[in-house]
Amino acid sequence: MRIASFNINGIKARLPRLLEWLEETRPDIACLQELKTSDETFPAQEIEAAGYGAVWHGQKGFNGVAILARGAQPQEVARGLDGEPEDEHSRYLEAEVNGLRVATIYLPNGNPCPGPKFDYKLRWMKRLRARAAEIWAEEVPAILAGDYNVIPYDRDVWSVGAMADDALMQPESRSAYRALTGDGWTDALAAIHPAGGVWTYWDYQAGAWQRDAGFRIDHLLLSPIAADRLVTAQVDKAYRGREKASDHAPVWVELRD
DNA sequence: ATGTCATATCCGATATGA
């Protein structure tokens, strides 16, 4: 089975791109981020017509995440992360699909740093790690998929110097990400492409796509049972070059049944 | 390169978040 993650940067503006990607690549499960729309305006009918059941956690204007399943209805398990009741950002949704636990994650960007947004990012990462530990304790096959807004290693960015002051690359961000992989979660893209040089995001500005000035921030983290079934992990890079593309490309893993 | 894009607000601009 194939499980994909795609930061679509606005489901309203991106719906034709999303539907053609679903039709052309037929992922079994698709985790979406940055819906930028409310629960009421989520295009559930169009997605159902494409053959996908869905759960979603929307928000007006920004954030928003969803889990799509081909020919199945995901069963919601959790909405949002514990630990900060006043946090109303729609950034985390967890569901069960055919025996697989799936989380869709839109981790805070954290810029500018230092500052309150960066502090929020680090607190959010701590809360995510706590939730990941709870899932771990259930010993179920699980995948934590999404836009982590973290460049894990220097080999995951086209220019270390250009991004040195960015929240995505700060030692605190990296250390919080490595705490997750240190807990035993497998970064699937990194496992399949250990040499690096694989990007999932290219900025709209300054001709970043044309210069291949990108980096890797969309990650698929696998629990041990899921990691044992890992066949391959790839980026649907060509979708970044289409008309009216998102600034992220879809990423996916293939797991043995 | 202060470079692009999507969304919201009150209808053509500016603000926000990325």
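Chain A is the first sequence line, chain B the second, and so forth, proteins listed ahead of strands; every chain is numbered from 1. Both backbone and side-chain heavy atoms feed into the values below; hydrogens, waters and symmetry mates do not.
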Any residue meeting side chain to side chain donor-acceptor pair (under 3.5 Å) with Tyr204(A), in chain and number order, not counting sequence neighbours: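 With sequence neighbours excluded, Tyr204(A) shows a side chain to side chain donor-acceptor pair (under 3.5 Å) to Asn9(A), Arg14(A), given in chain and number order.
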
Results of side chain to side chain donor-acceptor pair (under 3.5 Å) for Glu20(A) - residues two or more places apart only: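 By the side chain to side chain donor-acceptor pair (under 3.5 Å) rule, Glu20(A) matches Arg17(A), Arg242(A).
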
Sequence neighbours excluded, every pair satisfying side-chain hydrogen bond (donor to acceptor under 3.5 Å, both in side chains) that has a member inside residues 41-55 of chain A: Thr37(A)-Thr41(A), Ser38(A)-Thr41(A)

C1'-based separation of dT7(B) from dG12(B) [nearest Å]: 16 Å

P spacing across the pair dT14(B) / dC10(B), given as an integer number of angstrom: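 The answer is 15 Å between these two P atoms.
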
Rounded distance (Å) that lies between atom [atom2] of [N] and atom [atom1] of [X]:
X         : N       : atom1 : atom2 : value
Tyr201(A) : dA18(B) : OH    : P     : 11 Å
Leu15(A)  : dT7(B)  : CG    : P     : 11 Å
Asn109(A) : dG17(B) : CG    : C1'   : 8 Å
Phe118(A) : dG17(B) : CZ    : P     : 18 Å
Ile11(A)  : dT7(B)  : CD1   : C1'   : 15 Å
Arg91(A)  : dA18(B) : CZ    : C1'   : 10 Å
Tyr204(A) : dG17(B) : OH    : C1'   : 13 Å
Asp247(A) : dT7(B)  : CG    : P     : 12 Å

Identify every side-chain donor-acceptor pair in residues 134-141 of chain A under 3.5 Å, counting partners at least two apart or on other chains, and give the distances.
{"from": "Glu134(A)", "atom 1": "OE1", "to": "Arg131(A)", "atom 2": "NH1", "distance (Å)": "2.6"}
{"from": "Glu138(A)", "atom 1": "OE1", "to": "Arg101(A)", "atom 2": "NH2", "distance (Å)": "2.8"}
{"from": "Glu138(A)", "atom 1": "OE2", "to": "Arg101(A)", "atom 2": "NH1", "distance (Å)": "3.4"}

Sugar-phosphate only, base, or nothing, as touched by Ala13(A) at under 4.0 Å among non-hydrogen atoms: sugar-phosphate

Sugar-phosphate only, base, or nothing, as touched by Tyr106(A) at under 4.0 Å among non-hydrogen atoms: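 Touches sugar-phosphate only.
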
Lys36(A) side chain, from C-beta outward: closest of dA6(B), dA8(B), dA18(B): dA6(B)

Closest listed nucleotide, where the reference is the side chain of Gln205(A) and the choices are dC5(B), dA8(B), dA18(B): dA18(B)

Collect all protein-nucleotide pairs involving nucleotides 9-16 of chain B in which both atoms are nitrogen or oxygen and the distance is under 3.5 Å.
{"from": "dT9(B)", "atom 1": "OP1", "to": "Lys60(A)", "atom 2": "NZ", "distance (Å)": "3.4"}

First encountered from the 5' end of DNA chain B, between Leu35(A) and Gly207(A):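 Closer to the 5' end of DNA chain B: Gly207(A).
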
Along DNA chain B (nearest heavy atom to each residue), the more 5'-positioned of Asn63(A) and Ser38(A): Ser38(A)

All pairs passing salt bridge (charged side-chain N to carboxylate O under 4.0 Å, His left out) where residues 168-188 of chain A contributes a residue, at least two apart: Arg129(A)-Asp183(A), Asp154(A)-Arg174(A), Asp187(A)-Arg216(A)

With sequence neighbours excluded, residues passing salt bridge (Lys or Arg N to Asp or Glu O under 4.0 Å) with Lys237(A): Asp212(A)

Donor-acceptor pair between Asn7(A) and Asp218(A) side chains, under 3.5 angstrom: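 No pair is found: no donor N or O on one side chain lies under 3.5 Å from an acceptor on the other.
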
Considering all heavy atoms, the nearest Ile151(A)-Met163(A) contact: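 Of all heavy-atom pairs spanning Ile151(A) and Met163(A), the closest is CD1-CE, 3.9 Å.
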
Ala66(A): side-chain contact (heavy atoms from CB on, under 4.5 Å) partners, not counting sequence neighbours: Leu32(A), Leu35(A), Phe42(A), Trp56(A), Leu68(A)

Interface residues of residues 236-246 of chain A with DNA chain B (non-hydrogen, below 4.0 angstrom):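 Going residue by residue through residues 236-246 of chain A, the ones with a heavy atom under 4.0 Å of DNA chain B turn out to be Lys244(A).
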
Full working for side-chain hydrogen bond (donor to acceptor under 3.5 Å, both in side chains) between Trp21(A) and Asp236(A): CA-CA 9 Å; Trp21(A) 171 71; Asp236(A) 284 336; 3.0 Å; yes

